[in-house]
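Report on the structure given below.
For this chain, numbers begin at 1 and follow the sequence in order. Reckoned from all heavy atoms, side chains included, excluding hydrogens, waters and symmetry mates.
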Amino acid sequence: MAMRPSETDTEFRRYANRAAAAFNADFIYSADEFACAACNTYLRDKVYRSDVAVIELIRGILDAIGSKRNAATLSSLLDHLNTSGGDELDLPEGDYFFDELEPVISEETRRALRRLGGQSGDKYFRRADFELMRNMRYYVDYVHAGSRRILDLGAGAGFFSYYCSRNGHEVCSIDAADCPKVYDRSFEVLGLEKIHFSIAPGQPLLKLSARYDLVAAFQICFNGHGTQNLWGPDEWRYFLRHLGRDVLTSDGSVLLSFNYEFSNPNVDRDEGRFGNLGVEQLFEPYMVGDPDQRVCRLTLGQCEAL
């Protein structure tokens, strides 16, 4: 088997091990930066069969932190090596197997988002790294490659929309007309666009130009969260049947995550996290995922049958 020269082999493996150590310590952004640096430095113009195990390690890290596009680039590189029949891939000087990999979200961008917290006093942005990781987990755990078109309802700061867009999905982001201005500025920082539209009970969404493979709404507020007008089962049934009938593709699905209503002065704690026992009974059969980040997942057929 053709081996990478000893000096660069040691350097390449050191980068990969740093990425793995950072990932294992939950330093996600450091892991991403080490992984991209390793690939850009050692894999763009020459690959050895002895690199395969290291590439697979880095690909697994990138996949796990929501850098699916970069992980796919490495998968293509491995496929190219395996189909070449040789022990190495070598390109003429000046040619490259791939454009330089970039971290899924740079330190510069994260700094700009944290700065929004200082300017606005919004705690969501002061802890931007945590919130970004929360949305990264939503993306990694629940979005699959076949979800070409994604509708993000109540998009807020745009973090989930960003992960989807960064990985090649076509995203439409909708947020309330009266959303805090800092959320609009966040979209500008992330290079995204949004549509302002306020979702109302018993009313359809604005007319959309396409159907969507996935409709996602995380940390939902449009259901009257924290107010006297919290949605009950009837409002949710109308909303979901409308999504099934008018918004989803034939094999589409809906993902919902709810804000707790325990602090809602109009809700008795005995009514559960949904603020309404009828709503809890409606959604509980469809709840999936980690206890700390459970979501409700429904298919088109389930939406129509509620």
Side-chain angles (χ1 to χ4, degrees), residues 1-107 109-110 129 132-148 150 160 162-169 289-290 293:
M1 179 173 64
M3 297 288 293
R4 178 176 290 278
S6 175
E7 181 178 353
T8 60
D9 183 69
T10 299
E11 293 169 355
F12 181 38
R13 292 173 185 274
R14 184 180 296 131
Y15 264 116
N17 288 336
R18 286 174 177 167
F23 174 76
N24 291 332
D26 275 342
F27 294 135
I28 300 302
Y29 305 114
S30 296
D32 196 5
E33 289 164 0
F34 278 129
C36 290
C39 297
N40 293 335
T41 303
Y42 298 104
L43 297 178
R44 291 187 70 213
D45 59 0
K46 195 175 185 71
V47 182
Y48 296 85
R49 194 160 297 279
S50 62
D51 294 334
V52 167
V54 186
I55 296 172
E56 289 177 340
L57 171 65
I58 295 172
R59 178 182 61 178
I61 292 169
L62 292 172
D63 192 64
I65 62 176
S67 188
K68 301 284 187 177
R69 177 176 281 178
N70 286 346
T73 295
L74 295 188
S75 293
S76 296
L77 187 63
L78 288 171
D79 290 343
H80 191 27
L81 179 62
N82 289 333
T83 57
S84 69
D87 281 340
E88 63 184 76
L89 295 175
D90 196 2
L91 288 175
E93 187 174 351
D95 287 343
Y96 298 101
F97 291 117
F98 52 84
D99 294 333
E100 285 207 1
L101 303 187
E102 296 181 359
V104 69
I105 184 162
S106 68
E107 170 60 27
T109 300
R110 300 200 313 278
D129 282 9
L132 283 162
M133 283 193 283
R134 182 210 297 267
N135 283 274
M136 176 268 287
R137 289 259 48 100
Y138 282 137
Y139 176 76
V140 170
D141 290 346
Y142 301 116
V143 179
H144 57 79
S147 299
R148 191 168 67 86
I150 297 174
F160 177 74
Y162 175 83
Y163 273 103
C164 295
S165 177
R166 180 69 177 80
N167 284 291
H169 303 274
D290 187 282
Q293 195 156 299

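Side-chain N or O atoms of R44 include one that pairs as donor or acceptor with a backbone N or O of F98 at under 3.5 Å. Proximity of a side-chain donor or acceptor of N40 to a complementary backbone N or O of L101 within less than 3.5 Å is detected.
F12 places a side-chain heavy atom less than 4.5 Å from the side chain of I58. You'll find the side chain of Y48 stays beyond 4.5 Å of the side chain of M3, heavy atoms only. Between F97 and L43 there is no side-chain heavy-atom pair separated by less than 4.5 Å. Taking the side chain as every heavy atom from C-beta outward, I105 and R166 never approach each other to under 4.5 Å.
Taking the six-membered ring wherever Trp is involved, the centroid distance between the rings of Y139 and H169 falls below 6.0 Å.
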Please evaluate residues R137 and R134 with respect to the criterion side chain to side chain contact (heavy atoms under 4.5 Å, CB included), reporting the C-alpha separation (whole Å), side-chain torsions for both, the decisive distance (0.1 Å), and the verdict. CA-CA 5 Å; R137 289 259 48 100; R134 182 210 297 267; 5.9 Å; no
Stepwise side chain to side chain contact (heavy atoms under 4.5 Å, CB included) test for L81 and I55: CA-CA 11 Å; L81 179 62; I55 296 172; 5.7 Å; no
Quick one, D51 with R4, criterion side chain to side chain contact (heavy atoms under 4.5 Å, CB included). Give me CA distance, side-chain angles, the key distance, then yes/no. CA-CA 7 Å; D51 294 334; R4 178 176 290 278; 2.8 Å; yes
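Each side chain to side chain donor-acceptor pair (under 3.5 Å) pair with one or both residues in residues 63-77, not counting sequence neighbours, appears once here: R59-S75, D63-K68, S67-N70.
Nearest heavy atoms, L89 versus H80: CD1-CD2, 3.7 Å. Across every non-hydrogen atom of A64 and V140, the tightest pair is O-CG2, 3.6 Å. Contact record, I61 with A19: CD1-C, 3.9 Å, taken as the closest heavy-atom pair. For the pair L132 and Y163, the tightest heavy-atom approach, listed with the atom from each and the gap, is O-CE1, 3.3 Å. Scanning both residues, F160 and I150, for their nearest heavy atoms gives CE2-CG2, 4.2 Å.
Put simply, SG on C39 and CG on L62 are 6.0 Å apart, with the number rounded to the nearest 0.5 Å.
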Distance-only criterion, 3.5 Å: show the donor-acceptor pairs between side-chain atoms of residues 27-38 and protein atoms not counting sequence neighbours.
residue: Y29; atom: OH; partner: D129; partner atom: O; Å: 3.1
residue: D32; atom: OD2; partner: V104; partner atom: N; Å: 2.7

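Taking a 6.0 Å sphere around CG of D99, one finds it holds 12 or fewer heavy atoms contributed by other residues, nucleotides or ligands.
The existence of a salt bridge linking R14 and E11 is excluded, since no basic side-chain nitrogen approaches an acidic carboxylate oxygen closer than 4.0 Å.
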